[in-house]
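What follows is one structure encoded as structure tokens, with my remarks underneath.
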2 protein chains.
Amino acid sequence: MTVTLADVAARARVSPATVSRVLNGNYPVAAATRERVMRAVDELDYVPNGPASSLAAATSDLVGILVNDIADPFFGIMAGAAQGAIGAGGAGDALTEAGRAAAGTAHERPTGTSTDKATAKATDKTSDKTSEKVSEKAGGEKLAVVCNTGGSPARELTYLTLLQRQRAAAVILTGGSLEDPEHLAAVAAKLARLAEAGTRVVLCGRPPLGEPPAGEPAVAATLAFDNRTGARRLTEHLLALGHRRIGYVAGPENRTTTRHRLEGHRAALAAAGVAEGPTVHGRYDRSSGYEATVELLGREPDLTAVVSANDTVALGVCAALRDRGLSIPGDVSVAGFDDLPFAVDAVPALTTVRLPLHDAGARAGRLALGTEAPPQGGVATIAAELVVRGSTGAPRGA
Amino acid sequence: MTVTLADVAARARVSPATVSRVLNGNYPVAAATRERVMRAVDELDYVPNGPASSLAAATSDLVGILVNDIADPFFGIMAGAAQGAIGAGGAGDALTEAGRAAAGTAHERPTGTSTDKATAKATDKTSDKTSEKVSEKAGGEKLAVVCNTGGSPARELTYLTLLQRQRAAAVILTGGSLEDPEHLAAVAAKLARLAEAGTRVVLCGRPPLGEPPAGEPAVAATLAFDNRTGARRLTEHLLALGHRRIGYVAGPENRTTTRHRLEGHRAALAAAGVAEGPTVHGRYDRSSGYEATVELLGREPDLTAVVSANDTVALGVCAALRDRGLSIPGDVSVAGFDDLPFAVDAVPALTTVRLPLHDAGARAGRLALGTEAPPQGGVATIAAELVVRGSTGAPRGA
DNA sequence: ACACGGATGGAAAGCGCTTTCTATCGGGCA
DNA sequence: TGCCCGATAGAAAGCGCTTTCCATCCGTGT
């Protein structure tokens with residue numbers, strides 16, 4: 001029922017081997033023959049069987065991107081950027097172009113007859129392009145898929161196994177991870193076997209794995225966000241404004257991101273000799289920020305500033321404050337983290353710490369492709385930048 | 001180098017066939033034998049070769065979710081919900097639980113010795129569960145991957161082809177589509193072949209495909225948002241408040257969502273005998289809303305209300321208005337669409353049209369799994385609900 | 001006590017593609 | 001003119017797993 005390589009071979013009156021070679025373009029095939037094969041592919045509307053190729057070639061062109069929460073733009077932006085770098089044929093940033101290019105792209109190949117042939121042609125084109133003896137390592141066009149772990153360690157492992165099963169070309173893990181030693185070890189082990197099997201591993205916005213066993217090569221290329229310094233700068237900013245009673249709405253416990261940001265915050269306080277204010281842990285969503293703020297104010301009614309786990313949480317913090325009749329930043333200053341697109345639209349606009357999510361994601365994509373050389377020592381630290389806006393100001397009477 | 005089924009068989013002193021049967025649990029295997037095999041699997045840390053199984057079984061457990069923009073929560077929420085319904089082992093909504101459950105889940109299997117064994121165990125557990133003669137159609141645990149098309153029709157087709165190659169179990173297309181007839185035909189053709197090959201096709205938040213050829217079964221189960229009615233209600237609300245000069249910041253041209261919302265808007269105006277105000281098309285992002293508003297005010301300085309393509313755009317509209325010194329809703333009312341989580345945090349909170357993204361996504365996931373029966377006639381229309389908040393009010397002097 | 005059938009396990013034939021290893025065909029060169 | 005080589009194409013051996021027959025084995029019914 002489905003068209004196979006053999007069918008194409010028969011129609012083109014060549015051997016299956018030749019068809020394979022034409023399609024993969026890594027072996028000289030006479031122009032005439034190639035032409036004949038392509039015609040047959042077109043006419044039969046042949047689509048290669050992925051599993052079969054992957055099995056025979058022992059590789060696939062899948063790249064997995066793991067995210068903690070796909071509904072959170074923090075991950076969406078990184079994933080989109082990575083995906084753009086991986087799948088857009090080098091165009092780099094298809095995501096950004098997307099809106100504008102929304103129309104038109106479909107007509108680029110007017111030669112096609114039946115609509116579906118356009119697809120086949122596209123495939124051919126790709127092969128053509130790569131057929132000019134592209135080295136194996138160069139990493140041609142790959143297909144990125146994003147896997148939503150929902151923050152569940154079990155699911156993270158499941159996806160990693162799936163990707164391992166699929167013999168993925170690369171895996172990108174984004175965002176902070178759970179700090180449970182058992183889980184960490186399990187992930188490290190899994191990544192080690194993936195790397196061993198030839199899958200490129202990239203960590204984006206996540207701290208590096210432990211050191212590799214001995215003099216062995218690093219398992220993963222790592223792009224780590226400098227959450228600690230970012231958080232520290234943010235708290236220093238608040239301290240400079242005169243705040244001394246600062247509440248902290250932290251992210252979920254046992255997460256690296258949560259810990260690092262908290263550490264930066266505490267470091268700033270310690271350096272200034274200011275006592276730490278109340279801290280409440282919660283989720284990375286707005287209602288968590290709301291609830292935490294209520295709790296915080298209960299514990300310490302005269303707070304003059306609240307630092308949030310991230311921008312989304314900050315929105316909840318603002319809402320809670322407003323509902324209590326407190327003005328921002330008049331009565332209480334609020335700070336976010338990440339500088340997601342909506343941060344500037346909050347009223348007042350959020351003071352926050354910008355993380356170059358887009359750049360980091362794109363770079364992760366290139367690392368996954370092998371287009372970009374891994375950083376020295378395998379780990380690059382990505383700086384976080386303080387962005388001061390209207391939501392922070394001097395405390396009353398300062 | 002890698003462990004294969006045969007290795008496991010050898011170690012367990014059974015035939016490969018038996019190992020396969022234990023792993024897939026669709027054939028009676030004596031408890032003792034099974035036990036032996038499982039031990040071997042554990043000890044060797046065996047991970048099945050996905051491509052090989054897919055090839056032999058002619059199916060895979062991949063479910064593809066196509067989204068237009070992964071950085072947009074509109075898609076993220078649907079994708080997350082779908083993914084939760086598909087991959088969470090029936091738990092239904094892993095995404096929501098995620099934050100809370102962030103810790104702990106890793107310890108659930110204290111029997112494991114080496115860290116990596118935990119994974120193997122998890123796999124076994126799954127097999128166990130399904131080994132009790134689960135019918136083929138029931139659709140066990142599948143793996144959802146989301147594919148970001150970035151709104152590019154070419155990429156949409158590419159991903160569909162990829163999924164076809166992988167012999168995906170199901171495909172979910174989310175969000176509106178381009179209205180280009182050629183592209184539409186290409187997609188329809190592709191989906192038809194997918195369906196024909198046994199892949200379940202679900203459209204979520206996208207209008208139905210054209211009618212299937214003759215008396216043939218519908219290719220796709222469709223969950224269509226009633227954007228038209230939603231938009232109509234929204235404009236009616238504005239009209240009821242007394243607005244007569246309403247600007248419209250529309251989404252990209254040639255998109256179904258854009259057209260439907262615009263049609264609803266116009267229908268309301270027509271029904272009320274009110275002349276249509278200026279309309280500007282743009283992207284689905286905040287800066288587009290900002291720019292469009294500047295343009296709108298240039299054309300028609302005395303607008304009293306602006307309707308936006310969606311909430312994100314509305315944020316940009318608000319920013320532009322604020323920058324011009326116009327108050328919301330005092331001088332100009334603003335309305336969004338979708339009711340994304342941040343809509344309530346805008347100041348003033350956005351009046352918008354709520355789309356049950358989460359429910360729709362989850363339902364799409366169940367349809368993809370075959371857990372839920374497709375709607376009558378193949379198409380279910382999902383109602384959109386007007387949500388009135390502070391960003392809309394009576395125009396000055398009304 | 002003997003034949004029969006249910007319960008298990010093995011053998012082996014692929015699934016569709018990739019990739020050596022060969023075979024063939026012309027030319028260029030000595 | 002004859003030989004060796006580069007350029008092409010084909011043959012065939014898998015890749016690792018599923019699954020359709022079959023072959024056993026043992027408990028039962030009569």
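Numbers restart at 1 for each chain; the letters A, B, ... are given by sequence-line order, proteins then strands.
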I need the R165(B) CZ to L62(A) CG distance, nearest 0.5 Å.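 R165(B) atom CZ to L62(A) atom CG measures 10.5 Å (nearest 0.5 Å).
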Rounded to the nearest 0.5 Å, what's the gap from CD1 on I86(B) to CG on L143(B)? Could you check?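 That separation rounds to 9.5 Å.
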I need the full list of salt bridge (Lys or Arg N to Asp or Glu O under 4.0 Å) pairs touching residues 10-20 of chain B, with sequence neighbours left out, sorted by first then second residue.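 Listed once each, the pairs are R11(B)-E43(B).
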Among all residues two or more places apart in sequence or in another chain, which pass the salt bridge (charged side-chain N to carboxylate O under 4.0 Å, His left out) test with R36(B)?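 With sequence neighbours excluded, R36(B) shows a salt bridge (charged side-chain N to carboxylate O under 4.0 Å, His left out) to no residue whatsoever.
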Could you check whether S20(B) and N24(B), counting side-chain N and O atoms only, form a donor-acceptor pair closer than 3.5 Å?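 Yes, S20(B) and N24(B) have a side-chain donor paired with an acceptor closer than 3.5 Å.
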Do S15(A) and T18(A) have side-chain N/O donor and acceptor atoms under 3.5 Å apart?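 Yes.
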Using five pairs at each end of the helix from dA1(C)-dT30(D) to dA30(C)-dT1(D) to define an axis, what is the angle between those two axes, to 10°?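 Inter-axis angle at the termini of the helix from dA1(C)-dT30(D) to dA30(C)-dT1(D): 40°.
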What string of B, S and - do you get for nucleotides 10-16 of chain D, 5' to 3', when a contact is any protein heavy atom under 4.0 Å? BB--BBB
Non-neighbouring partners of Q166(B) that pass side-chain hydrogen bond (donor to acceptor under 3.5 Å, both in side chains), sequence neighbours left out: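 So Q166(B) forms no side-chain hydrogen bond (donor to acceptor under 3.5 Å, both in side chains) with any residue.
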Going by the rule side-chain hydrogen bond (donor to acceptor under 3.5 Å, both in side chains), which residues pair with R21(B) if we only count those two or more places apart in sequence or in a different chain?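 So R21(B) forms no side-chain hydrogen bond (donor to acceptor under 3.5 Å, both in side chains) with any residue.
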In whole angstrom, give the distance that lies between atom CG of L23(B) and atom C1' of dT19(D).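 After rounding, the reported distance stands at 15 Å.
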Can you check the R34(A) CZ to dA7(D) C1' distance for me, whole Å?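 Rounded to the whole Å, the gap is 13 Å.
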